[in-house]
A.B. asks: 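One structure follows; several queries about it will come next.
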Protein chains: 2
Amino acid sequence: MTDDVYATRRDRAGERLREVGADALVCFPSRNLRYLTGFATEPGERHFLLVVPAGGAATLLVPELYGTQLREATDVADVRTWADGDDPRAAARDVLDDHGIRDGRILVDDTMWARFTQDLRAVAPDADWGLASEALGDLRVRKDETELDALRSAAAAADATMNDLRDLGADAVGMTERELAAWIADRLAAHGGTGTAFETVVAAGENGVKPHHGHGDRGIRAGEPVVLDFGTRVDGYPSDQTRTLVFDGEPSAAYREVHAVVREAQSAAVDAVEPGVTAAAVDRAARTVIEGAGYGDTFVHRTGHGVGLDVHEEPYIVADNDRELEPGMVCSVEPGIYLDGRFGCRVEDLVIVTVDGCERLNATDHGWE
Amino acid sequence: MTDDVYATRRDRAGERLREVGADALVCFPSRNLRYLTGFATEPGERHFLLVVPAGGAATLLVPELYGTQLREATDVADVRTWADGDDPRAAARDVLDDHGIRDGRILVDDTMWARFTQDLRAVAPDADWGLASEALGDLRVRKDETELDALRSAAAAADATMNDLRDLGADAVGMTERELAAWIADRLAAHGGTGTAFETVVAAGENGVKPHHGHGDRGIRAGEPVVLDFGTRVDGYPSDQTRTLVFDGEPSAAYREVHAVVREAQSAAVDAVEPGVTAAAVDRAARTVIEGAGYGDTFVHRTGHGVGLDVHEEPYIVADNDRELEPGMVCSVEPGIYLDGRFGCRVEDLVIVTVDGCERLNATDHGWE
């Protein structure tokens with residue numbers, strides 16, 4: 001991507017601010033900052049702000065030790081710095097004053113720390129506050145081709161790793177969840193991924209009933225299902241898919257039944273994805289199958305979530321989301337059944353909404369074998 | 001640690017709330033949550049709150065898919081859940097009402113996302129808001145023996161890795177910064193560390209001028225300084241130290257001079273650390289040496305920061321911090337000199353403030369060889 005991409009995105013953000021009746025957007029180190037400037041860093045305790053006014057050029061206010069880096073790495077013309085020992089709140093007030101927005105409607109990053117929002121409220125007591133997603137949500141939710149290519153590449157790295165796991169087969173028995181998670185991280189990197197996009201889930205046997213169990217010291221056993229949910233990133237964009245495998249031996253009849261239901265629910269939901277269909281309808285498609293099989297109470301989470309620079313973003317595939325799907329949206333489809341004290345089962349793919357249906361980003365088999 | 005540790009910490013937090021005139025503390029997935037419950041997870045888009053009232057027992061309000069996990073992993077008796085499709089704001093309002101604090105003074109995690117603080121403000125419009133650090137800062141800043149042991153172990157893993165880097169010597173020449181960062185991550189894990197505590201800095205030659213440069217595709221060359229700043233965690237507690245090494249050949253006379261100044265500044269600051277001395281005085285000790293050598297303008301950051309569950313926390317070793325050091329505090333001492341377009345140099349150790357001075361946690365040589 002050239003720098004033009006970011007200047008264009010900031011211009012479009014400025015237009016969106018006008019459309020939603022806001023005067024400015026204030027980002028801190030976040031995915032929005034990366035989206036609008038190309039610069040990625042983790043939040044720290046120092047004030048680091050990007051101010052995008054509804055009309056006009058953006059300002060970066062950053063700690064002095066970032067000054068050189070930001071002037072080199074971004075195309076933002078107005079980069080101001082503050083030094084340790086200065087009062088960053090006064091510097092922030094000056095930026096808001098210079099843009100004439102100190103008593104306006106200001107949207108802040110949804111993830112901005114209270115440490116910074118409380119300071120902004122203190123220097124702009126007459127402002128009205130909202131969230132950046134009100135304006136940026138509609139921009140970020142429809143991915144451009146550059147973003148889709150990155151998502152496809154990340155999914156391919158994850159698929160290759162899932163195939164490696166199937167090849168591992170019985171050799172996984174006796175490894176701990178933690179060891180298998182480290183093995184997965186190595187394979188993701190070997191297939192071109194950068195890091196892990198979220199805490200790798202290796203949930204063996206009864207640990208599988210906790211949908212957000214990470215990985216622990218429990219050993220993998222033959223004949224039991226293991227929930228495998230992991231992701232990596234390519235060019236900043238993540239993968240996210242789940243298979244529930246049995247590495248060796250035969251699972252119980254109960255598990256085979258549950259797995260067949262989850263698989264059918266997942267296919268039904270993917271089949272439902274097309275432009276104009278609501279997120280709620282996709283959730284309903286999965287839930288109908290699981291409820292029909294008598295497991296409705298055990299499907300304790302939503303069917304999916306959008307995926308972009310954030311692993312979890314709009315569109316959320318949940319019962320109360322009447323948002324209609326549009327081409328360029330990307331989401332997960334991941335129903336599950338969780339039987340307390342016994343096992344869990346989840347199957348997940350990412351899909352891109354296309355003009356007449358969807359493109360599945362994950363191509364590996366859905367089975368438990 | 002037994003569960004008693006967390007119940008005791010919550011009781012002490014409740015007392016501190018009274019002392020600072022606050023009615024409650026609200027945490028989300030944060031280091032404070034870990035400190036008060038032992039439970040660690042990353043923030044997500046779902047409402048996940050711990051409410052600690054000034055008097056009385058705490059309440060956890062978590063997404064349903066975390067319910068089983070939280071009831072097993074923590075000693076919080078009142079764990080409430082909300083399901084996807086429910087309104088988590090209504091559930092949060094009920095919790096605040098049940099504790100009688102909806103119009104009180106409420107402290108929120110310093111890192112709590114605007115997404116959640118704006119919702120809390122909406123359901124408690126008459127509350128007065130502050131930051132958790134107002135109450136928890138004084139508890140967390142003085143580490144107990146369990147915490148100090150974890151910090152010592154993490155420092156030992158990092159020291160062993162720094163020694164491995166010295167042993168690598170000329171073999172590092174030709175590696176890229178990124179490759180060396182991956183090598184460091186492997187060594188940290190081999191020495192018992194868990195993950196990297198922050199983005200590993202491998203900043204070769206002119207990249208060293210950016211104090212927060214991570215690592216890129218530049219190759220390591222002979223005769224040039226490489227800033228190496230990395231950390232890992234043991235039992236949740238991080239290491240953090242820096243050496244600026246020349247892997248092969250001889251550096252310039254200019255670099256040798258700069259390195260000697262930084263080393264002297266670092267030693268002067270460590271020598272200044274003892275109970276009753278202000279953080280500002282420690283900063284001053286380092287800055288005096290660097291200014292005296294004529295490099296004052298190039299030391300563009302503070303001298304250090306406290307280290308605990310957060311890699312950056314109080315006490316900040318900065319010119320305007322008049323806080324007096326106390327036994328049990330832990331901080332970094334890391335002066336640096338950065339010459340635009342040429343090179344950077346930083347030397348950093350962690351120290352524990354003891355009853356009569358300090359204990360250096362990092363034992364490796366300070367030299368560039």
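Letters go in sequence order (proteins before strands), and every chain restarts at 1.
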A.B. asks: Could you tell me which portion of B/Asp109 (side chain, backbone, both or neither) has an atom closer than 4.5 angstrom to a non-hydrogen atom of chain A?
C.D. replies: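 Backbone only.
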A.B. asks: Rounded to the nearest 0.5 Å, how far does CG of A/Asp320 lie from CG of B/Asp86?
C.D. replies: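 Output value for this atom pair is 9.0 Å.
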A.B. asks: Pick whichever of A/Val300, A/Leu131, A/Asp283 has the most heavy-atom pairs under 4.5 Å with chain B.
C.D. replies: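 Maximum pair count with chain B is reached by A/Leu131.
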A.B. asks: Any sub-3.5 Å donor-acceptor pair from B/Glu45's side-chain atoms to A/Glu313's backbone N or O?
C.D. replies: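 Not confirmed, B/Glu45 side chain does not pair with A/Glu313 backbone.
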A.B. asks: Does a sphere of radius 6.0 Å around CZ in B/Arg71 hold more than 12 heavy atoms from other residues, nucleotides or ligands, not counting ones at 6.0 Å or beyond?
C.D. replies: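 For B/Arg71, atom CZ is crowded (more than 12 foreign heavy atoms under 6.0 Å).
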A.B. asks: Let me confirm one number: the CZ-CG distance from B/Phe299 to A/Leu65, rounded to the nearest 0.5 Å.
C.D. replies: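 Taking CZ in B/Phe299 and CG in A/Leu65, the distance rounds to 11.0 Å.
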A.B. asks: Look at B/Gly130, B/Ala182, B/Ala280, B/Gly67 and state which one has the largest set of heavy-atom pairs under 4.5 Å with chain A.
C.D. replies: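 Highest number of pairs under 4.5 Å: B/Gly130.
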A.B. asks: Using a 6.0 Å cut-off, check whether atom CZ of A/Arg342 has over 12 heavy atoms from anything other than its own residue.
C.D. replies: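 No - once you tally the heavy atoms of other residues, nucleotides and ligands closer than 6.0 Å, there are 12 at most.
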A.B. asks: Is it true that, when you exclude A/Glu42 itself, more than 12 heavy atoms of the residues, nucleotides or ligands shown sit nearer than 6.0 Å to its CD?
C.D. replies: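 Not more than 12 within 6.0 Å, no.
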A.B. asks: Between A/Asp340 and chain B, which part of the residue has a heavy atom less than 4.5 Å away: side chain, backbone, both or neither?
C.D. replies: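 Contact with chain B involves the side chain of A/Asp340 alone.
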A.B. asks: Looking only at heavy atoms and a cut-off of under 4.5 Å, which of B/Asp110, B/Thr68, B/Thr81 has the most pairs with chain A?
C.D. replies: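 Among B/Asp110, B/Thr68, B/Thr81, the one with the most close pairs to chain A is B/Asp110.
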A.B. asks: Please list every donor-acceptor pair under 3.5 Å in which a side-chain atom of residues 184-204 of chain B meets a protein atom from a residue at least two apart or in another chain.
C.D. replies:
unit_1   : atom_1 : unit_2   : atom_2 : d
B/Arg187 : NE     : B/Asp164 : OD2    : 2.9
B/Arg187 : NH2    : B/Asp164 : OD2    : 3.4
B/His191 : NE2    : B/Asp164 : OD2    : 2.6

A.B. asks: Taking CG in B/Asp128 as the centre, count heavy atoms belonging to other residues, nucleotides or ligands within less than 6.0 Å. Is the count above 12?
C.D. replies: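 Result for CG/B/Asp128: enclosed.
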A.B. asks: Where along residues 301-308 of chain B does a heavy atom come under 4.5 Å of chain A, listed by residue number?
C.D. replies: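 Only B/His301, B/Arg302 of residues 301-308 of chain B have a heavy atom under 4.5 Å from chain A.
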A.B. asks: How many angstroms lie between OG1 in B/Thr117 and CD in A/Gln118, if you round to the nearest 0.5 Å?
C.D. replies: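 Reported to 0.5 Å precision, the distance equals 7.5 Å.
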A.B. asks: Counting neighbours of CZ on A/Arg80 that are heavy atoms of other residues, nucleotides or ligands and sit closer than 6.0 Å, is the number greater than 12?
C.D. replies: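 Yes, the 6.0 Å shell around CZ holds more than 12 heavy atoms from other groups.
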